[in-house]
Engineer: 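Submitted below is the structure of interest, expressed as structure tokens.
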Amino acid sequence: MNIFRLSGDVCHLIAIIILFLKIWRSKSCAGISGKSQVLFALVFTTRYLDLFTSYISAYNTVMKVVYLLLAYSTVGLIFFRFRNSYDSESDSFRVEFLLVPVAGLSFLENYAFTPLEILWTFSIYLESVAILPQLFMITKTGEAESITAHYLLFLGLYRALYLANWLWRFHTEGFYDQIAVVSGVVQTIFYCDFFYLYFTRVLRGSGKMSLP
Amino acid sequence: VIGRIRHDEL
């Protein structure tokens with residue numbers, strides 16, 4: 001555990017909590033892509049199956065359980081409790097275009113051809129593209145509320161800090177998880193355009209992030 | 001450590 005890894009995990013947690021509280025308090029999931037949230041729930045589910053097979057640390061176990069609970073709670077809010085506010089018209093990204101290639105790739109490029117490893121690899125690849133329905137939705141509607149933008153900022157920070165973590169681990173331990181690093185870099189690239197918009201519009205503007 | 005890696009990250 002290093003400071004980059006720990007702050008990355010905390011930023012990830014903050015992002016998830018920001019989103020959950022936003023929906024909970026406003027009793028609305030307007031502007032939120034339910035598809036991205038389902039994909040994230042699927043990411044956590046397929047990655048954390050090792051909860052049952054290997055114990056890493058109390059921290060590891062607690063964080064996994066918290067991520068899972070929050071991910072499913074958020075999906076529950078969007079599709080059940082506040083489903084009337086769900087904007088399915090704008091959430092029109094075709095997720096099968098992500099799921100099929102990601103599933104195919106996880107069978108081809110993995111560390112071991114075992115069910116758990118393939119599912120772990122699937123979760124890593126899927127996470128790198130799971131935010132696309134949300135970014136697509138923002139592009140389509142042309143704007144994001146500042147709180148949605150804060151959510152995306154913290155998710156992006158989490159990614160950037162994980163990159164720092166991997167550089168640090170490679171430097172200090174010689175640890176290099178090729179699949180995670182390559183997918184992580186791809187994932188972080190998706191946030192770059194958003195970072196630019198965030199700093200030029202949300203921070204200098206009136207709150208809402210509008211696209212040109 | 002390329003190859004089988006213990007997945008200790010989240």
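Chain naming here is simple, since letters A, B, ... match the order of the sequence lines and numbering starts at 1 in each.
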Engineer: So does A:Arg159 pair up with A:Glu127, basic N to acidic O under 4.0 Å?
Structural biologist: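 Here A:Arg159 pairs with A:Glu127 in a salt bridge, since their nearest N and O are under 4.0 Å apart.
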Engineer: Is the distance from the ring center of A:His12 to that of A:Tyr162 below 6.0 Å?
Structural biologist: no
Engineer: At a 4.5 Å cut-off on heavy atoms, which part of A:Tyr59 comes close to chain B: side chain, backbone, both, or neither?
Structural biologist: side chain
Engineer: Please determine whether a side-chain nitrogen of the Lys or Arg among A:Arg169 and B:Asp8 lies less than 4.0 Å from a carboxylate oxygen of the Asp or Glu.
Structural biologist: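 Salt bridge present between A:Arg169 and B:Asp8.
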Engineer: Measure distances from A:Phe170 to the heavy atoms of chain B and classify the residue's part below 4.5 Å as side chain, backbone, both or neither.
Structural biologist: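 Answer is neither: A:Phe170 stays 4.5 Å or more from chain B.
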Engineer: Where on A:Phe44 is there a heavy atom nearer than 4.5 Å to chain B: the side chain, the backbone, both, or neither?
Structural biologist: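 Neither the backbone nor the side chain of A:Phe44 comes within 4.5 Å of chain B.
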Engineer: Quick check on the interface: out of A:Ile179, A:Asn110, A:Asn60, A:Asp50, who has the most heavy-atom pairs with chain B under 4.5 Å?
Structural biologist: A:Asn60
Engineer: On the 0 to 90° scale, with breaks at 30° and 60°, tag the A:Tyr198-A:His150 ring pair as parallel, tilted or perpendicular.
Structural biologist: perpendicular
